[in-house]
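Shown next, in structure tokens, is the structure this report addresses.
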Amino acid sequence: MTRPRSRTRWLMTLVLGLALVTAACGGDTEDGDTGATGGGGPATEAPQHPEGSTMAQIQAAGTMRVGTKFDQPGFGLKRATTGEVEGFDIEIARLVAEAIGPDVDIEFIESPSAVREQLLENGDVDMVVATYTINDARKQRVGFAGPYYVAGQDIMVPAGNPLGIQGVDDLNGKRVCSVSGSTSVENVREMAPQAQVTEFDVYSKCADAMGDGRIDAVSTDNTILLGLVEGSGGKYELVGNAFTTEPYGIGVRKDDVQYRNFINDTLEDMYASGAWADAYERTLGRFVDEVPEPPEVDRY
Ligand code: GLU
């Protein structure tokens, strides 16, 4: 009598164990790094979204297309060797995808600064998470959930700061590099009108140009620069005198308020659960010691 019973129990344990393993794998994205989104809670049943909503459409498609940067260590970096993407923006995108549905995969699409609005307007991406400053000019063309992070524009110079650049005023008369379509290049032109500005499409090209001595300084958000400093092997340093405020938002199509609100709810959930802090620690935490308080979401 006891034998068949214990065998049944053993079988049940096995089935339960398999079910748990399967559930644990359910929230995986295309990169296959289970647990990378950590702290977001276990993937459970697929959530129900309003019919016709962007969330429902993404869930049905099974893939979310995310515009991000591929050359910004700490935020969005694609590893040439493995093709894997990593960084704080990547983690934020993963947490949003997970909230849409535990089985939603992500296709990451490189989105240099100048093409972010266009990608959203054309419907080529479902959202942009790409060190993307929220401002009124951009709000004419796209919508923003967030902010989910606040940076400040700063300056990167060769180690030892040979020209003694201490702040934005000192960029006048210097060869300064930044990126087309960014707030950074606009700010340099406005705040240091005598700077000789070189524009590229991505920041890594500015860093290369400084390595060759073609320019004297690179200016953009401090956290982007910290990633480039870290990657320079001691060749570059940060001036450390931020002169703007850059609240990062998640770009969506302009009039999709329902989707924007859903992302804002998801951001507040990840602030409350600790998933945001966990994502920060594992990415930007490599360059910045303290995990800051997440900014308050602005539901305009
Ligand atoms: N946050 C600024 C911007 O959105 C500079 C960084 C970037 O170009 O991505 O323009």
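Order of listing sets the numbers, starting from 1, for every ligand and every atom in it.
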Exercise. What pairs meet the ring-ring contact (aromatic ring centres under 6.0 Å, His included) rule with one or both residues in residues 195-239, with sequence neighbours excluded?
Worked result: none
Exercise. Under a strict 4.0 Å criterion on non-hydrogen atoms, which protein residues are in contact with ligand 1?
Worked result: Lys69, Ser113, Arg116, Ala130, Thr131, Tyr132, Thr133, Arg138, Ser182, Thr183, Ser184, Tyr203, Thr220, Asp221, Ile224, Tyr248
For this session: Give a yes or no on whether Val125 and Val96 share a hydrophobic cluster (residues Ile, Leu, Val, Met, Phe, Trp, Tyr; joining criterion: side-chain heavy atoms under 4.5 Å apart).
Result: no
Exercise. Does Lys254 come within less than 4.0 Å of Glu117, counting only side-chain N to carboxylate O?
Worked result: no
Seminar exercise, completed: Residues passing the ring pair (Phe, Tyr, Trp, His ring centres under 6.0 Å) test with Tyr248, sequence neighbours excluded, are Phe75, Tyr149
Problem set entry | Partner set under ring pair (Phe, Tyr, Trp, His ring centres under 6.0 Å) for Phe243, not counting sequence neighbours | none
For this session: Taking the side chain as every heavy atom from C-beta outward, state whether Tyr132 and Glu246 have any pair of such atoms under 4.5 Å apart.
Result: no
